[in-house]
There are 2 protein chains.
Amino acid sequence: MTDLPDEKTAKAPAIPPTMDDVAALAKVSRAVVSRALSASPRPVSADKRDRVLKAAEALGYRPNLLAQSLTTKRVNLVAVVVNHIHDLSDLDLFDRLLGAIQAVGKQVLLLKVGSVDRVEEFLRDGVAHHVDAALVWSDFADAATVRRMFRSDLVVMMNGRHDALSPAVVPDEAVGIGEAVADAAAKGVRRAALVTGRASSLIEQARIASFRVAFAAHAITLEQTLQGDYSYASGHRAASAFLSGPSPDAVFCTSDAMAMGVLDACRPLFPNNRPQRFRLYGFDNLSLTDYDAYPIASIGFDKALFVEHITRLVVEPDVFVPGSPPVSVPTHFFPRATA
Amino acid sequence: MTDLPDEKTAKAPAIPPTMDDVAALAKVSRAVVSRALSASPRPVSADKRDRVLKAAEALGYRPNLLAQSLTTKRVNLVAVVVNHIHDLSDLDLFDRLLGAIQAVGKQVLLLKVGSVDRVEEFLRDGVAHHVDAALVWSDFADAATVRRMFRSDLVVMMNGRHDALSPAVVPDEAVGIGEAVADAAAKGVRRAALVTGRASSLIEQARIASFRVAFAAHAITLEQTLQGDYSYASGHRAASAFLSGPSPDAVFCTSDAMAMGVLDACRPLFPNNRPQRFRLYGFDNLSLTDYDAYPIASIGFDKALFVEHITRLVVEPDVFVPGSPPVSVPTHFFPRATA
DNA sequence: CTGTTAGCGCCTTCAT
DNA sequence: ATGAAGGCGCTAACAG
């Protein structure tokens, strides 16, 4: 006979056991339970600690993290704010991030804030949990707004909309873009086209500017700029410009997805994936570019390093000195068949 | 002169205002503040409600959802438990799910539990927030364990490991598989090969069984079964079997990613994406199959419907009658060039 | 309609 | 080393 519920089929108890229950069972005070269960070593006699642990186990006790944070002021929650899921342009990045955050004992609250309206809504309705930190990719929120949303001073901005009070981690895209354009120049490219994303994003504006600088440095003429939205479909549409009429020597896209669209629309111009009329360069270095069908030369950064920087800021917020410049992660050119 | 902090650069106040502060400023009791700020209509005089709203605004007050849930017993948090991020085989599904959950006023806590060890760890360390509901994709957790992890009776299992106490939503794969195999049979396929994922997953076992049943029904011989892991790379590797020696009439893969790998490895056998030596069928109906390079016939379900079922269970947990069978979402065959 | 009074579950002094 | 007591921010009864 045992009082232990059958682990295999047990419902969660209608009313979950609290610290009081454990204390009662172990015949100690709540304070002792608190100490015995604490991660950090606290003075408790071995005997009582043992009783507490056993009692907790027997009851299936799990501390209520919410109640806990009410006094500790730390919720062990990190908000990740995105626009769409696809913002995390490569799932690899997101998977790593999630792993890293969990590894430091925190959990990820994923928020999709795909428009300014949504930001306002969150702010107005006040339905956002307080968190230890917020990591922001969404274009639609600036640092001050996010601080208000989550009642947290620790917001790390990855969307370029940081201010003096909040740290930021941003890829140094100029490097990789410079390398890619240099590669093109070395191969004789003189006339280029650029397929861009929404110019509303600060990141995108900077990206375009970097391309212009690099083109100028290598005496490459930017003959046409086509506006897309980062998607495959928009790249596919933009490609019509290169199929008819004189094409440029190289087409640069500010996302791999658009480059994939261009490539598919222009397959006849890429026999065996080798460029014939023009060379093709993407951006993001998606793992998809390792698939045979899309061997697109691209620009990317070290994801592990990127995540490491973010994680460090979450773990040691104090290393950030207000007003200091964003942490930058260098990008590099990854040559592939289409170049 | 104003006491309002500059919204554009404001830090979150070192010590955030509480309900008490608002009550004091508005010269009412905390209870009135609580009512005035409540979503559901509660008795408050228009005058006082107004003062409360103004005071809250002036202070930049945001209710502490944690403290709130301490009394209401509802945290407005829904855990989504995955194995890897890639479990959400299509981002579309996940994006919808996130949107749907936010639409009902809850937020998503994303947990990656990629191994049995991790499950044990979560259980042992007790570092998992209590949530209103948990939605489980990860193979590594059964319903009872998840109920314990999150102190919640409402866990919706999508991994096939449900029990009588927990609802489940599962695609009815037999339908789509039947349709796909029928399509192949109608085109004269007699000898088939199957490329599978990890057989440890219950879902995968059922999937394979369905294929066997369908093959038998259409007098198709399953000549070889190759073990992959759902990934592109594993499909690519498996394909070597079809390049040398006699190939089957059709290759069925239990994931689109593997089918993409097979397709790439066998490109010569698919001039213009038209099958020559064998037909190719995938699974999941990824949006990637809309890309020109991978026109893979596939099997999929209505994602909107799937998400709708899940959301309904979250919103109205009581509709679930313990012991009732899983909610099933029919799958269908989506013909494309490779078939 | 309004204010007062109890807690929710936990951690942290503070005595002991 | 231990227990008692207070309080974290909020909502839910209660009386008025």
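Here is how names work: the chains are called A, B, and so on, in the same order as the sequence lines, proteins then strands, and each is numbered from 1. Everything numeric in this text was worked out from a predicted model, so none of it was measured.
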Report summary line: Phe306(A) meets the ring-ring contact (aromatic ring centres under 6.0 Å, His included) criterion, sequence neighbours left out, with Phe301(A)
Query - Relative orientation of the end axes in the helix from dC1(C)-dG16(D) to dT16(C)-dA1(D), expressed as an angle to the nearest 10° (five pairs per end) - result: 40°
Heavy atoms under 4.0 Å, any strand shown: does [X] hit a base, just sugar-phosphate, or nothing?
X: Arg74(A); result: nothing
X: Val44(B); result: sugar-phosphate
X: Met19(A); result: sugar-phosphate

Requested in this report: Sorted by first residue and then second, give each salt bridge (Lys or Arg N to Asp or Glu O under 4.0 Å) pair with at least one member in residues 124-133 of chain B; sequence neighbours left out.
Outcome: Lys106(B)-Asp132(B)
Can you give the donor-acceptor pairs under 3.5 Å from side chains of residues 316-327 of chain B to other protein atoms, not counting sequence neighbours?
{"residue": "Ser324(B)", "atom": "OG", "partner": "Val321(B)", "partner atom": "O", "Å": "2.5"}

Query raised in the report: Going 5' to 3' on DNA chain D, which nucleotide is the first and which the last to come under 4.0 Å of a heavy atom in chain B?
Result: dG9(D) to dA13(D)
Report task. Please determine if Asp142(B) and Arg148(B) form a salt bridge, counting it only when a charged side-chain N lies under 4.0 Å from a carboxylate O. Result -> no
Report task. Not counting sequence neighbours, which residues clear side chain to side chain donor-acceptor pair (under 3.5 Å) with Glu121(B)? List them please. Result -> Arg118(B)
Query - For Ser200(A), all residues meeting side chain to side chain donor-acceptor pair (under 3.5 Å), sequence neighbours excluded - result: none
Report each atom pair, protein N/O against N/O of nucleotides 4-6 of chain C, whose distance is under 3.5 angstrom.
{"residue": "dA6(C)", "atom": "N6", "partner": "Arg30(B)", "partner atom": "NH2", "Å": "3.1"}

Atom pairs and distances, side-chain donor-acceptor, residues 65-73 of chain A, under 3.5 Å, sequence neighbours left out:
{"residue": "Ser69(A)", "atom": "OG", "partner": "Leu65(A)", "partner atom": "O", "Å": "2.9"}
{"residue": "Ser69(A)", "atom": "OG", "partner": "Leu66(A)", "partner atom": "O", "Å": "2.8"}
{"residue": "Thr71(A)", "atom": "OG1", "partner": "Gln68(A)", "partner atom": "O", "Å": "3.0"}
{"residue": "Thr72(A)", "atom": "OG1", "partner": "Gln68(A)", "partner atom": "O", "Å": "3.2"}
{"residue": "Thr72(A)", "atom": "OG1", "partner": "Arg74(A)", "partner atom": "N", "Å": "3.3"}
{"residue": "Thr72(A)", "atom": "OG1", "partner": "Arg74(A)", "partner atom": "O", "Å": "3.4"}

Which residues share a salt bridge (charged side-chain N to carboxylate O under 4.0 Å, His left out) with [X], sequence neighbours left out:
X: Lys54(B); answer: Asp50(B)
X: Arg312(A); answer: none
X: Lys48(B); answer: none

Within less than 4.0 Å of OP1 or OP2 of [N], is there a side-chain N or O belonging to [X]?
X: Lys73(A); N: dC11(C); value: no
X: Ser34(A); N: dC11(C); value: yes
X: Ser45(B); N: dT2(C); value: yes

Report task. Grab the CG-P distance between Leu70(B) and dG7(C) for me, whole Å please. Result -> 14 Å
